[in-house]
Protein chains: 2
Amino acid sequence: MDVRTMCLGLLVKQEATGYEIKKAITNGHASIFYDASLGAIYPALNRLTEDGLVTCEELSQDKRPDKKVYRITTKGMNTFEMALLQPPTADKFRSDFLAAMFFCGQMPESRLVEILDEREEFHADRLAALKELEQESQSVGETFLTRYAMMYHASNVQFLKENRYLLEADQNEDDNAEAVQ
Amino acid sequence: MDVRTMCLGLLVKQEATGYEIKKAITNGHASIFYDASLGAIYPALNRLTEDGLVTCEELSQDKRPDKKVYRITTKGMNTFEMALLQPPTADKFRSDFLAAMFFCGQMPESRLVEILDEREEFHADRLAALKELEQESQSVGETFLTRYAMMYHASNVQFLKENRYLLEADQNEDDNAEAVQ
DNA sequence: GCTTCCATGTAATAGGTTACATGATTTG
DNA sequence: CAAATCATGTAACCTATTACATGGAAGC
């Protein structure tokens with residue numbers, strides 16, 4: 001899903017400015033499966049306006065910069081619904097942490113322990129934050145996403161507690177001859 | 001982690017051709033947290049050769065196209081170890097599936113059920129495939145990654161079984177007024 | 001007084017994918 | 001006989017990030 005489609009989806013729920021869309025993506029429930037910068041969002045909204053999928057109203061405010069409120073059009077609604085009917089593409093997941101664990105033989109054990117500690121703490125912190133926000137969900141989609149995120153962080157914490165010994169224990173044991181092919 | 005660093009890391013373990021590196025990434029344990037196309041790998045290897053981080057030996061084969069075997073240099077080893085000492089960047093996760101669940105209000109229920117069924121099947125299939133490959137791991141890193149992947153798919157299957165009712169049940173109940181901000 | 005929030009936009013850059021180009025050999 | 005495997009490489013394209021550009025107001 002590209003930025004344009006994401007913006008369209010959020011505008012189905014409520015009109016918003018580019019700045020608000022950025023906040024909704026980064027701080028909201030969508031942050032689990034998506035992120036985008038303002039440098040991507042603003043051009044996307046201009047493009048959507050050109051294509052007639054959204055309308056744009058410029059508003060002057062006092063003591064605040066001018067802003068542009070975007071609203072989805074009927075054409076935009078149809079386009080978004082069409083997009084949702086397409087088969088979802090495969091997830092894309094990139095993790096430097098898992099890469100580091102994969103290549104742990106090339107890392108000093110002290111560094112390894114440090115990374116594992118930080119990772120455990122990271123997931124635990126996220127889980128705690130989500131528990132407080134759990135009640136705030138206002139749609140089934142949001143509830144589902146919040147629970148998914150909680151499950152994700154919880155299972156990561158548990159996995160690390162149960163399996164980090166694998167990497168920490170016999171670190172310098174053996175590195176020879178893993179087949180690349 | 002970019003393609004160059006990934007290639008370097010795999011070459012630490014064993015010499016390989018570009019084609020073999022592609023297979024190692026796509027079919028191997030790294031596929032969980034990384035992917036790259038040949039169109040990215042070949043230029044990356046040329047660049048690594050230019051920079052003296054790997055050496056390249058051209059070999060003619062009969063009944064097979066010529067190939068280039070890459071081996072990591074001391075400079076390459078050092079560079080890779082330096083890279084691993086950098087703090088790992090945050091994971092990047094993109095999921096059209098989760099996006100579709102987030103926007104489930106804009107989808108017909110029949111389509112929703114279809115997507116959920118496919119997703120459950122996908123994770124179950126992956127889990128089954130991993131169980132067969134579990135014994136093949138030849139390093140602690142590979143074992144850790146295999147177990148991580150199994151945990152990931154297993155917890156997804158369980159989550160879907162336990163929580164899909166949220167989306168399927170009161171689908172048309174209420175869509176109003178979720179705050180974007 | 002410094003940082004963050006509000007608010008938009010452009011340009012340079014990075015980092016990739018997909019398609020094109022080529023072609024023998026093996027497997028189903 | 002068609003498809004997949006082996007094997008490399010380039011060019012066009014896409015999509016997004018980061019940095020730059022601007023500037024007042026509110027919070028700490």
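So that the names make sense, note that chain A is the first sequence line, chain B the second, and so on, each numbered from 1.
Annotation: of the two residues near DNA chain C, A/D66 and B/V3, the 5′-most nearest-nucleotide partner is A/D66. Ranked by how close their nearest DNA chain D nucleotide is to the 5' end, A/P65 and A/D35 are led by A/D35.
When distances are taken from the side chain of A/K67 to each of C/dA7, C/dT25, C/dT10, the shortest belongs to C/dA7. Distance from the side chain of B/N46 is smallest for D/dT10 among the nucleotides C/dT8, D/dT10, C/dT25. Taking the side chain of A/S37 as heavy atoms from C-beta on, and the options C/dG9, D/dT8, D/dT18, the nearest nucleotide is D/dT18. Out of D/dT8, C/dT8, D/dT10, the shortest distance to the side chain of A/L38 is found at C/dT8.
Rounded to 10°, the helix from C/dG1-D/dC28 to C/dG28-D/dC1 has 60° between the axis fitted to its first five pairs and the one fitted to its last five.
The ring of B/H29 has its center no closer than 6.0 angstrom to the ring center of B/F144. Between A/Y148 and B/F159, a ring centre-to-centre spacing shorter than 6.0 Å is recorded. Ring pair B/Y34/A/F102: centre-to-centre distance not below 6.0 Å.
Distance CE (A/M6) to C1' (D/dA16): 15 Å, rounded to an integer number of Å. For the pair B/D62 CG and D/dA7 C1', the computed distance is 15 Å after rounding to whole Å. Atoms CD (A/E50) and P (C/dG9) sit 12 Å apart, rounded to a whole Å. Rounding to whole angstrom units, CZ of residue B/R47 and C1' of D/dG9 are separated by 17 Å. Spacing between atom CZ of B/R64 and atom P of D/dA4 amounts to 16 Å, rounded to whole angstrom units. Across the protein-nucleic acid pair, B/L45 atom CG and C/dG16 atom C1' stand 15 Å apart, rounded to whole Å. One interatomic measurement links the two molecules: CG of B/L48 to P of D/dG9, which rounds to 13 Å at whole-angstrom precision. If you measure from atom NZ of B/K68 to atom C1' of D/dG9, you get 8 Å, rounded to the nearest angstrom.
In summary, the side chains of B/K22 and B/T26 do present a donor paired with an acceptor at a separation below 3.5 Å, with no hydrogens or angles considered.
By the 6.0 Å contact criterion, CD on A/E132 is open, its count of non-hydrogen atoms from other residues, nucleotides or ligands being 12 or less. Counting heavy-atom neighbours within 6.0 Å of A/R164 CZ, excluding the residue itself, gives a total above 12. Other residues, nucleotides and ligands place more than 12 heavy atoms under 6.0 Å from the CZ atom of A/R71.
Closest of all the heavy-atom pairs between A/A44 and A/V3 is CB-CG1, 4.0 Å.
Remark: nothing in residues 75-103 of chain A comes within less than 4.0 Å of DNA chain D through any heavy atom.
Ionic pairing of B/E114 and B/R111 is present here: one or more N-O contacts between side-chain nitrogen and carboxylate oxygen are shorter than 4.0 angstrom. With salt bridges taken as basic N to acidic carboxylate O contacts below 4.0 Å, none links B/D2 and A/R94.
Taking side-chain N and O atoms only, B/K23 has a distance below 4.0 Å to OP1 or OP2 of D/dC6. Distances shown here put a side-chain N or O of B/Y34 below 4.0 Å from the OP1 or OP2 atom of C/dG16. Within the structure, a side-chain polar atom (N or O) of A/Q61 is placed less than 4.0 Å from OP1 or OP2 of C/dA7. Look at B/Y42 and you won't find any side-chain N or O under 4.0 angstrom from OP1 or OP2 of D/dG9.
Contacts of A/G39 with the nucleic acid, taken as non-hydrogen atoms under 4.0 Å apart, include base atoms.
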